[in-house]
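Taking it in order: structure first as structure tokens, then the write-up.
These values consider heavy atoms only, across backbone and side chains, with no hydrogens, waters or symmetry-generated copies. Labels below follow one simple rule: chain letters A, B, ... track the order of the sequence lines, proteins then strands, and each chain is numbered from 1.
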Amino acid sequence: MWTRLSNPGHFMRWSGALLPWLAGLSAAGLALGLYLSWFVAPPDYQQGETVRIMFIHVPAAWLGVFFYGSMALSAIGTLVWRHPLADVAQRAAAPIGAAFTLICLVTGSLWGKPMWGTYWVWDARLTSMLILFLIYCGIMALWRTMEDPNRAARAVAILTLVGAINLPIIKFSVNWWSTLHQPASILRMGGSTIDSSMLYPLLTMIAAATLTGVTLHLYTMRTEILRRRVRTLTIREAERLDAGAVAVAPARVGAVPLGQAL
Amino acid sequence: MRLTVTNLAVRRSGRRIFSGLSFGLGPGEALMVTGRNGAGKSTLLAVLAGRLKPEAGTLAVADVGEASLPECLHVVGHRDGLKGALTAEENLAFARDLLGDPALAPREALAELGLAHALRLPVSYLSAGQRRRVALARLLVCRRPLWLLDEPTAALDLAAQGVLAGLMARHREAGGLVVAATHQALGLDEARELRIERPEPDAPRVPRPGDAPVASGPGLEDWA
Amino acid sequence: MIGTIRALVARDLVLAARVGGSGALSLVFFLMIVALVPFALGPDLNLLSRIGPAILWLSAVLSTLIGLDRLFQADEEDGSLDLMTGAPVPLECVVLAKVTAHWLTTGLPLALASPLFGLLVALDGTAMAGTALTLLVGTPALTFVGAVGAALTASIRRGGLILAVLVVPLMIPTLIFGVSAAQSATAGTVPFATPLMVLAGLSLIAAVVGTAAAAAALRWSE
């Protein structure tokens, strides 16, 4: 079942059938979530209307981490099973994850202005997200510098896994660093207790955003597969033309095995 | 030792270099790999040396104990693996310590190739032909049953080519194997020839509903 | 196996000594960055001595970076890596030996020279010793993390810049604990041993993960 679904040809078929539904569902989910968070959820008694930034900020942060996790899983797929779709999935996830991480950083900074009076505070969570964004940038940069897709897939998979091992360490050290430098941090984002009137809109937004992210991911994967098809077909066409050009030479077919049978 | 290669297929950057390549080599046998430039001679040697992963096919060695294929061969190729800042002796001594199973001392190996005077010279002072001979001397400092030679006569004069032919003959008499990619005759007696030709381009395939799903193995890159 | 590793380490040490090596160069680079900071911040010795450990650590991170790009690339270009693939040891041992040799020629001199450079930023004796000790414990982590990037970019021409982009985010934890350990040697609320232990742990983790990942990147690198 799984191997059937993950064959590129099958993938194109089922994802093509699924995509319109997913797109519609995520649009509806986003509309509902935005309605809830803008009109239904009450303003915060301390932060006022600015708390509504949270309904974008938190889902974006979650998706930034979520896509890194999915990239790490795909990296294992690339390294262990050498599965072609794993590489496609990873490649498609990187820009989306980076974009959500960037959204998280921008909204966090906008939220910071009314809360802290400045656009950027070296808050532990924001700093961790910034480092995550830098790692995303490194991964995408490595992809761009390697021409051969197979080598790039392998290299990026290794880098992603090393990053995945490092992320908890980074999170831990940034927390340590932040408590060291701001021992009395009164303003924590989100907070541990959240009223249900805000929780449900937030959960709706997270679900809708995840759905949107998955839709985008499938769509990008399809684009990537098509791009590789074009590449393969172009190479074959070049090989075919080349073979035609040297047809005057006595061309034998394939590699000629030795006289001796094995 | 015995080397058996079955149905080897290699792709680089999505291009098929060759496929369905099979041969076997027993003790004392030699194989000359010929073909046009870019036909995949060096690629085949890189696969044998373990530097390139084949897309499909198997490489098997027998009668060498537990050693893997890269551990029972010598490679001398275009990139000679010599450090210019080290002397010829140091380069050879390093190869001997790295690869294990020492045979000749660096001094004797160099003398075999007529380079005894270069023993204490930094390799960067040597000409291309001399460097190639230092690299060939590596074949003698440790005992390994399979020699992979990529254009071994490039940059060698006639006398050195004769020396090389003698070395290969002796190696084969002792039960060694030689695989050489070459454009010209190497003086290998009774060597078999493997001619790599341009493969036929893959026939364009349209995925049909009944296509068997492929999870691994050949055809992984068949995106079309 | 030990003989093979010893041969590799010895060769890289000899090469580093003969070619004039990246070791001496990265030491000069280290000095230059330390010398740059007062020009940017002003020659206020109180300020400099307060941020001195941070300056030294930042310089150490940067000068580790510049020597890394040739770590595997030089051997990849001249075919020595093909030779090493044939060695009767796993590629991990080759990587471990090469990285050890590289640390001995770059990280170790950096740590040993840091007290001298500490004078430039007005560190007192305790702070100097603390910084040198943290560099001694922490630079292996930098080198091993950097080795992953060096292996990934071994076959890329001009891979130096991309190497920096890849590995700098991964070096942040080492920097954090290195600086915080160095600073807690003289002041602060944290006992010196705590961040130092974490730093040692980071070096060990980096040694394991870095060796495995770099070997995986070099294997079938073509």
- prompt: chain B heavy atoms under 4.5 Å from C:A74: which part of the residue, side chain, backbone, both or neither?
  reply: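 For C:A74, heavy atoms of backbone and side chain both lie under 4.5 Å from chain B.
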Taking every non-hydrogen pair under 4.5 Å, which of C:V89, C:V14, C:L8 racks up the most with chain B?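 Most heavy-atom pairs under 4.5 Å with chain B: C:L8.
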State whether [X] and [Y] are salt-bridged, where the test is any N-O pair (Lys NZ or Arg NE/NH1/NH2 against Asp/Glu carboxylate O) under 4.0 Å.
| X | Y | result |
| --- | --- | --- |
| B:R96 | B:E89 | no |
| B:R2 | B:D63 | no |
| B:K83 | C:D78 | yes |

- Counting only heavy atoms not in C:L112, do more than 12 fall under 6.0 Å of its CG? yes
Is it the backbone or the side chain of [X] that comes under 4.5 Å from a heavy atom of chain C, or both, or neither?
| X | answer |
| --- | --- |
| B:L82 | backbone |
| B:L73 | neither |
| B:A85 | both |

Of B:R138, B:H78, B:H74, the largest count of non-hydrogen pairs under 4.5 angstrom with chain C goes to B:R138
Most heavy-atom pairs under 4.5 Å with chain C, out of B:V75, B:D97, B:L98, belong to B:L98
Check your understanding: Do C:I156 and C:Q73 touch side chain to side chain, with heavy atoms closer than 4.5 Å?
Key -> no
*Answer whether the closest heavy-atom distance between the side chains of B:L136 and B:L156 falls below 4.5 Å.*
yes
